[in-house]
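In what follows, chains carry the letters A, B, and so on, assigned in the order in which the sequence lines appear, proteins first and then strands, with residues in each chain numbered from 1.
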Number of protein chains: 2
Amino acid sequence: MLIMILLGKRSYQFNELHRSIESISQRMLTRTLRGLERDGLVSRTVHPTVPPTVEYDLTPLGRTFLGPLSALADWAVVHGPDIAAAREHHDAR
Amino acid sequence: MLIMILLGKRSYQFNELHRSIESISQRMLTRTLRGLERDGLVSRTVHPTVPPTVEYDLTPLGRTFLGPLSALADWAVVHGPDIAAAREHHDAR
DNA sequence: CAGCATCCTACCAGATACTG
DNA sequence: CAGTATCTGGTAGGATGCTG
């Protein structure tokens, strides 16, 4: 989700993404990007420069997913605290 | 998601849910329901009858999640085939 | 810069059997 | 009916080191 949301704003390079999402390991970032690419949601463009740069973008299909995604993200922003509260209340008993 | 969508329509009992979602094991159904309950999205009401019946419902908070959820489900219905196609196209090469 | 290869472990979830 | 208990194989993902 974070990757998709970032790419929804602009293109990113690999390490740029990695820096923007510190909590993800390199391995998982690669795997996730490959999965998204495989599913046709993200495009991966290699620029044959030295050193090489790789540009990640949302595909048109990927962009259609931004709607449902922000519906989810907005919900999380509003109701996330409620869930945290429910959990604590549950733990307490 | 399937559980939430079903409970969005009406109350269910445990085995009723299990029958409605054949692909889930009893263990996972229990675990998932406990998680949803813990997060305050689903309520679990035990009716002290013999044999006991347990009623599952969405909480008010759970109901607020139906919007984002159907946004996702609708997207999947429309674009699911696109993803399948992207995968095959990817596998082919 | 943008990864891949390898090793290792903790957790996940299925199968199966049992219970108030 | 509505679960719990136990065992177990499989895998997800972190850590680390290497490469064109």
Side-chain angles (χ1 to χ4, degrees), chain A residues 1-59 62 69 72 76 83-84 86-87 89-93, chain B residues 1-59 62 83 86-87 89-93:
Chain A
M1 291 184 54
L2 293 177
I3 293 172
M4 293 286 295
I5 288 171
L6 284 174
L7 292 183
K9 297 174 187 168
R10 62 174 176 87
S11 297
Y12 276 81
Q13 294 183 7
F14 184 85
N15 281 339
E16 211 179 356
L17 272 177
H18 199 181
R19 268 180 251 112
S20 301
I21 312 176
E22 323 135 40
S23 53
I24 197 172
S25 69
Q26 187 203 49
R27 177 197 167 100
M28 275 313 294
L29 181 55
T30 310
R31 295 215 160 195
T32 306
L33 285 170
R34 291 287 185 281
L36 292 171
E37 190 193 355
R38 185 188 144 101
D39 288 348
L41 297 171
V42 164
S43 69
R44 177 175 180 273
T45 315
V46 181
H47 298 280
T49 56
V50 180
T53 65
V54 178
E55 183 188 343
Y56 289 96
D57 290 278
L58 291 190
T59 61
L69 196 52
L72 236 91
I83 295 216
R87 283 209 181 135
H89 185 251
H90 209 90
D91 287 346
R93 316 189 277 129
Chain B
M1 289 183 57
L2 292 178
I3 292 172
M4 294 285 295
I5 288 171
L6 284 175
L7 291 182
K9 297 174 186 168
R10 63 173 176 90
S11 297
Y12 277 81
Q13 294 184 6
F14 185 85
N15 282 340
E16 210 180 354
L17 272 176
H18 200 183
R19 276 187 297 273
S20 301
I21 311 176
E22 324 133 40
S23 54
I24 198 173
S25 68
Q26 190 203 43
R27 176 200 170 102
M28 274 315 292
L29 181 54
T30 309
R31 296 217 158 196
T32 307
L33 285 170
R34 291 285 185 281
L36 292 171
E37 190 193 355
R38 185 187 144 101
D39 288 349
L41 296 172
V42 163
S43 69
R44 177 174 178 274
T45 314
V46 181
H47 297 279
T49 57
V50 180
T53 64
V54 176
E55 184 188 343
Y56 289 97
D57 289 279
L58 290 190
T59 62
I83 295 216
R87 282 206 181 139
H89 185 250
H90 210 91
D91 287 346
R93 312 188 282 131

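Atoms CG (A:L33) and P (C:dC4) sit 10 Å apart, rounded to a whole Å. What separates NE2 of A:H47 from C1' of C:dC1 is a distance of 13 Å, to the nearest Å. In this structure, A:R19 places its CZ atom 11 Å from C1' of C:dA2, rounding to the nearest Å. In this structure, B:Y56 atom OH and D:dC1 atom C1' are separated by 11 Å, rounded to whole Å. Rounded to whole Å, the distance from OH on B:Y12 to P on D:dA2 is 14 Å. One atom, NE2 of B:H18, and another, C1' of D:dG3, lie 11 Å apart when rounded to the nearest Å. As rounded to whole Å, 15 Å separates atom P of D:dA15 from atom CG of A:L29. Between A:N15 atom CG and C:dC1 atom C1' the separation is 6 Å, expressed in whole Å.
What you find for B:I3 and B:T32 is that their closest heavy atoms are CD1-CG2, 3.7 Å. Minimum interatomic distance between A:S11 and A:E55 (heavy atoms only, all atoms of both residues): OG-OE2, 3.1 Å.
Ranking D:dC1, C:dC1, D:dG3 by closeness to the A:Q13 side chain, first place goes to C:dC1. Nearest to the side chain of A:T30, among C:dC4, D:dA2, D:dG3, sits C:dC4.
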Contact state string [nucleotides 6-20 of chain C, B base, S sugar-phosphate only, - no protein heavy atom under 4.0 Å]: BB-----BBB----B

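Counting only distance, with no hydrogens or angles, the side chain of B:S43 and the backbone of B:L58 share no donor-acceptor pair below 3.5 Å. Between the side chain of A:T59 and the main chain of A:G40, a donor-acceptor pair closer than 3.5 Å is present.
Contact annotation: A:R44 side-chain N/O to C:dA2 OP1/OP2 distance is not under 4.0 Å.
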Candidate pair B:D39 and A:H90, rule side chain to side chain contact (heavy atoms under 4.5 Å, CB included), full reasoning: CA-CA 8 Å; B:D39 288 349; A:H90 209 90; over 6 Å; no

Worked check of side chain to side chain donor-acceptor pair (under 3.5 Å) between A:T53 and A:Q13: CA-CA 7 Å; A:T53 65; A:Q13 294 183 7; 4.6 Å; no

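B:Q26 and B:H18 share no donor-acceptor pair across their side chains, judged by distance under 3.5 Å alone.
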